[in-house]
Amino acid sequence: MLILIGTDGSEGARAAVDEGGRLAGRTGAEVLVATVRQAPSTLLGEPRYQEALHRQLVRAEHALDQATELLDALGVEHESLVLEGDASEELLRLAESRGAALVVVGSRGRSPVRAALLGSVSGAVVARSPVPVLVVPPRAVSGRRLPRRAAAARG
């Protein structure tokens, strides 16, 4: 069994990595962690395009480093990938190509109205996934609520 965990380095994504890793530990599932970055616009021109690309790659690497740290602490072996494109589309494509049994993603804790206006990767994955999707709220890290200051900083 393969669990695909999507991460972007946010608190919600950290909770998803934690929950997905714990589930994998209990079930013996394999874990694949992926982060998706959008290609910078070529309209930026050089050297702005390269600067934007570098920032995105650093952000993606940081998100995967955080996931690796959490999964290593849980004793869960995993593979990680950086993808390029639309986050929900790429996660769904990866889930299908690798035969994932479950997709785990975080939520940002937005109100339903704000999420509808701004769009939601987790919502798009849930709506279109042929396999079960577990959406983990930001406060679910290790079964504990986040400290007040972290919750307040999130808005």
Side-chain angles (χ1 to χ4, degrees), residues 1-44 49 52-143 146 154-155:
M1 179 169 103
L2 175 70
I3 297 175
L4 170 60
I5 305 172
T7 185
D8 63 3
S10 67
E11 284 299 315
R14 192 181 89 163
V17 172
D18 184 61
E19 191 65 30
R22 289 177 187 283
L23 184 58
R26 289 191 303 269
T27 63
E30 297 176 49
V31 173
L32 174 58
V33 181
T35 189
V36 183
R37 63 173 194 81
Q38 289 200 345
S41 171
T42 56
L43 297 175
L44 292 173
Y49 175 84
L53 180 61
H54 176 73
R55 279 192 307 275
Q56 287 182 353
L57 290 173
V58 166
R59 208 172 300 131
E61 187 175 296
H62 180 69
L64 291 180
D65 287 347
Q66 283 181 326
T68 293
E69 188 176 313
L70 269 170
L71 293 170
D72 285 349
L74 294 170
V76 175
E77 290 188 33
H78 62 282
E79 178 184 353
S80 59
L81 291 171
V82 175
L83 304 170
E84 180 180 278
D86 177 79
S88 61
E89 288 177 17
E90 293 304 316
L91 289 174
L92 290 168
R93 187 174 296 131
L94 183 60
E96 183 178 349
S97 71
R98 291 291 190 94
L102 176 69
V103 177
V104 181
V105 292
S107 71
R108 295 201 187 270
R110 294 180 175 147
S111 71
V113 171
R114 190 165 181 214
L117 291 174
L118 298 175
S120 165
V121 171
S122 58
V125 171
V126 167
R128 297 181 22 230
S129 179
V131 299
V133 176
L134 174 61
V135 179
V136 183
R139 292 187 181 123
V141 176
S142 300
L146 291 175
R154 237 187 23 255

Taken to the nearest 0.5 Å, the spacing of Leu32 CG from Leu94 CG works out to 5.0 Å
Identify the two heavy atoms, one from Ser107 and one from Pro137, that lie closest to each other, and give their separation to 0.1 Å.
OG-CA, 3.4 Å
Kindly compute the distance separating CD (Glu61) from CZ (Arg37), expressed to the nearest 0.5 Å.
12.5 Å
Atom CD in Glu19, atom CG in Leu70: separation rounded to 0.5 Å?
11.5 Å
Pair Gln66-Val17, side chain to side chain contact (heavy atoms under 4.5 Å, CB included): steps then yes or no
CA-CA 9 Å; Gln66 283 181 326; Val17 172; over 6 Å; no
His62 and Arg59: side chain to side chain contact (heavy atoms under 4.5 Å, CB included), yes or no, with the steps?
CA-CA 5 Å; His62 180 69; Arg59 208 172 300 131; 5.7 Å; no
Once side chain to side chain donor-acceptor pair (under 3.5 Å) is applied, what residue pairs with a partner in residues 87-96 remain, sequence neighbours excluded?
Asp86-Ser88, Glu90-Arg93
Residue pair Val121 / Val36, side-chain heavy-atom distance below 4.5 Å
no
Under the side chain to side chain contact (heavy atoms under 4.5 Å, CB included) test, residues paired with Asp72 that sit two or more places apart:
Thr68, His78
Contacts of type side-chain hydrogen bond (donor to acceptor under 3.5 Å, both in side chains), residue Arg98, not counting sequence neighbours:
Glu79
Measuring from Thr7:OG1 to Asp65:CG, what's the distance to the nearest 0.5 Å?
10.5 Å
Nearest heavy-atom approach of Gly21 to Leu71 is CA-CD2, 3.5 Å
Write down the atom of Pro132, the atom of Ala101, and the distance for their closest heavy-atom approach.
CD-O, 3.4 Å
Holding to side-chain hydrogen bond (donor to acceptor under 3.5 Å, both in side chains), I want the full list of residues that pass it with Thr27, two or more places apart in sequence or in another chain.
none
Considering all heavy atoms, the nearest Pro138-Ala15 contact
O-CB, 3.9 Å
Which residues share a side chain to side chain contact (heavy atoms under 4.5 Å, CB included) with Val133, sequence neighbours left out
Val103, Val105, Val125, Val126, Ser129, Val135
Rounded at 0.5 Å granularity, tell me how far CD1 in Ile5 sits from CG in Leu91.
11.5 Å
Salt bridge check, Arg22 against Asp18: does any charged N sit closer than 4.0 Å to a carboxylate O?
yes
Using side-chain hydrogen bond (donor to acceptor under 3.5 Å, both in side chains) as the criterion, list what pairs up with Thr35, not counting sequence neighbours.
none
Smallest heavy-atom separation, Leu4 atom then Ala100 atom, equals CB-CB, 4.1 Å
Just jot down the side-chain hydrogen bond (donor to acceptor under 3.5 Å, both in side chains) partners of Ser10, sequence neighbours excluded, or say none.
Asp8
Report the residues that fulfil side chain to side chain contact (heavy atoms under 4.5 Å, CB included) with Ala24, sequence neighbours left out, ordered by chain and then residue number.
Ile3, Ala29, Val31, Val76
Which pair of heavy atoms, one from Ser122 and one from Ser120, lies closest together, and at what distance?
OG-OG, 3.0 Å
